[in-house]
Amino acid sequence: METQRQTYKRSLSGSVGAGMGSLFNAKGRTYYVLEHKVSSKYHKAGEAQEIIVDQVELGRDSTCAVRFDESFKTVSRKHAAIVRDGQNWKLVQLSKTNTTFLNGHPVQNEWYLQNGDEIQLAVNGPKLGFILPQGNKSTVASIGLSRRLSLFRQQALRPYKTAMWAMAAVILLLIVGGTFFGIKGKEIIDDQGETIVAMQQALDRANEEYAQYRAEQEEKQKQTDRDLARANKTIKDLNKKIANIETNGEINPSVTRKITKECEKDIYFVVMSLHLEYGSESQVLKSIGTGTGFLLNDGRFVTARHCVEPWMFINSAEDELFIVNLMQHNGGRVTCILDAYSPTGKHLTLRSNDFNIDKTTDMGGTNDAGYAYRIARIDGTDWAVAHTSERGELVASSEMSRNLQAQDKLTILGYPMGLGVESQSNIHPLYSEAIVAADGLNKDNVITTTATTFEHGNSGGPVFKIENGKMIVIGLVSAGAGRSTGFVIPISNVR
């Protein structure tokens, strides 16, 4: 039956005190046997281990009386304990990570043991049989004195494992033993020589174990020192890298050029063409404009929406694309074909219907002739994303894009005014900079920046923040406002 949870605490009385009782009051004390059902470094399968003290711990720790070696990975250092409760014995769960099973059932807190029970330490862990000797074998007196001394050393002294405790215990044995000898007389005198020799052997073994324990602790300390030295070296190396990246708070120009160069291959020059269909007629308008796009490491190709649906971004009825807008919204069909070229020679052909676009802020109306039109806004929805089978190396951070601070420096790569493109085989994006003008995002979810250039053709290009020597995409170029102010769409908007 499950017992009420008690706080287990190893005690001298439960180990040394109980061991003394087993030595000098053996006829009045019961014990039990643990039958090992699997072999380990410390016990063979089939071995019967007599337990003569009132509490023992089971686990891989060197202080455990019932010990398992390091090959039993699921056995905790101190996995479980068996303690006396009056005339009964109970199994106590100690491990916080690995379960103890009694007859196949997990022990939550404590459980009373019965003769013939099977104990298992963790799933697929070692098994032990719990046996209560019967008849004239039921008391510790049935175990010879030499054997009891050996068990006393293993079970009572092991948890305290120092020469001081061993010596104190032996001295106590001698004192109590002297009184006992006075009482028992001839019965013990016959065994006196054997007892003294056995006790000296126990002391020698305790000293040997303590020396081994000290050696193990010294080796652990040496290993800790080695680990600490490696950690300090790693920190120094990181500090050197940081020092190479930043000098007095400024990005080292040579480092900036290097990491910027590594990003160029995923910055695409975009050429836009329109395919118009109205009734039975169709027409292709080639190369109506250029822009920039970029390929992320998750396969997303990102650009500005006004590079994908340019007819949606018109200022007035005189705009040359207004007729295209009317055509789309009055029975016609308009498709934008994007030819995207990378500096490495890769060529992607994408259509406007390949892109995911946010149209929630579009506005509609009709002209004087009653034809419908819709107009998109330059706001946080000026983005377009297509999922491709290609994979770039650019890494984006939505969280960083939402938490930029005023005066943060940004890097922009793109093809303003089509510059940087000599031919389809000779493409190199141009570099420019921007400075964040306000903390976080403004009310319509765009980042306002002051910039050196937000020219046509840069639209859709990636905007980076250098973090720990890496270029992180935080957004894309949308549009400029005046000579120096521009709008960047945070990458967190792109979905």
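The two atoms that bring P126 and V75 nearest to each other are CD-CG2, 3.6 Å, heavy atoms only. For V308 against A384, the heavy-atom pair with the smallest separation is CG2-CB, 3.7 Å. Between G125 and T74, the shortest heavy-atom distance links the atoms CA-OG1, 4.4 Å. Smallest separation of non-hydrogen atoms from S342 and I427: O-CD1, 4.1 Å. Scanning both residues, A396 and I472, for their nearest heavy atoms gives C-CG2, 4.3 Å. For I378 against A479, the heavy-atom pair with the smallest separation is CG2-CB, 3.9 Å.
Partners of E118 under the side chain to side chain donor-acceptor pair (under 3.5 Å) rule, at least two apart in sequence or in another chain, are K37. Partners of F101 according to the ring pair (Phe, Tyr, Trp, His ring centres under 6.0 Å) rule, which considers only residues two or more places apart in sequence or in another chain, do not exist here. Residues passing the salt bridge (Lys or Arg N to Asp or Glu O under 4.0 Å) test with R374: none are found, sequence neighbours excluded. With sequence neighbours excluded, the residues satisfying side chain to side chain donor-acceptor pair (under 3.5 Å) with Q223 are R226, D227. Every residue meeting the ring pair (Phe, Tyr, Trp, His ring centres under 6.0 Å) condition with H36, not counting sequence neighbours, appears here in chain and number order: H43. Applying the ring pair (Phe, Tyr, Trp, His ring centres under 6.0 Å) criterion to F72, with sequence neighbours excluded, gives F68. Residues passing the salt bridge (Lys or Arg N to Asp or Glu O under 4.0 Å) test with D358 are R495, sequence neighbours excluded. Residues satisfying the side chain to side chain donor-acceptor pair (under 3.5 Å) test with T361, not counting sequence neighbours, are D379, T381. Scored by the salt bridge (Lys or Arg N to Asp or Glu O under 4.0 Å) test, E264 finds K261 as partners (sequence neighbours excluded).
Contact check for K90 versus I82: no side-chain heavy atoms found under the 4.5 Å cut-off. You'll find the side chain of P343 reaches within 4.5 Å of the side chain of P429, heavy atoms only. Looking only at side-chain heavy atoms (C-beta outward), L94 and S76 stay at 4.5 Å or farther from each other. Between V395 and K470, the closest side-chain pair of non-hydrogen atoms is not below 4.5 Å. Taking the side chain as every heavy atom from C-beta outward, K9 and S11 never approach each other to under 4.5 Å. In this structure, F464 and L394 have side chains that are in contact, with non-hydrogen atoms separated by less than 4.5 Å. Side-chain contact check for I314 versus I375: some heavy-atom pair is nearer than 4.5 Å. Using a 4.5 Å cut-off on side-chain heavy atoms (C-beta onward), T63 and R10 make contact.
For the atom pair CD1 (I337) and OG (S352), the distance works out to 8.5 Å, reported to the nearest 0.5 Å. How far CZ of F301 is from CD of E390: 11.0 Å, rounded to the nearest 0.5 Å.
Applying the side-chain hydrogen bond (donor to acceptor under 3.5 Å, both in side chains) test to residues at least two apart or on different chains, the pairs with a partner in residues 292-311 are D298-R300, R305-E309, R305-D362, H306-D382, H306-S459, W311-Q328. Among pairs with a residue in residues 316-338, those fulfilling ring-ring contact (aromatic ring centres under 6.0 Å, His included) read F322-Y373, at least two apart in sequence or across chains.
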* Would you please test K409 and E433 for side chain to side chain contact (heavy atoms under 4.5 Å, CB included) and show each step? => CA-CA 7 Å; K409 292 186 178 181; E433 293 181 341; 5.9 Å; no
* To do: Check the pair W111, T100 against side chain to side chain contact (heavy atoms under 4.5 Å, CB included), reporting the backbone distance first and the verdict last.
  => CA-CA 11 Å; W111 204 275; T100 303; over 6 Å; no
* **T366 vs Y371, side chain to side chain contact (heavy atoms under 4.5 Å, CB included): CA-CA, chis, key distance, verdict** => CA-CA 5 Å; T366 57; Y371 289 100; over 6 Å; no
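In this structure a side-chain-to-backbone donor-acceptor pair under 3.5 Å is missing from E422 to G420. A donor-acceptor distance shorter than 3.5 angstrom exists from the side chain of Q93 to the backbone of N98, with no hydrogens or angles considered.
Results of the side-chain hydrogen bond (donor to acceptor under 3.5 Å, both in side chains) test with Y8 over K78, E57, E110, Q55 single out E57 as the only residue that passes.
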Side-chain atoms of residues 270-290: list all donor-acceptor pairs with protein atoms under 3.5 Å, sequence neighbours left out, distances to 0.1 Å.
| from | atom 1 | to | atom 2 | distance (Å) |
| --- | --- | --- | --- | --- |
| S273 | OG | S287 | N | 3.1 |
| Y278 | OH | N330 | O | 3.3 |

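Other residues, nucleotides and ligands contribute over 12 non-hydrogen atoms within 6.0 Å of the CD atom of E219.
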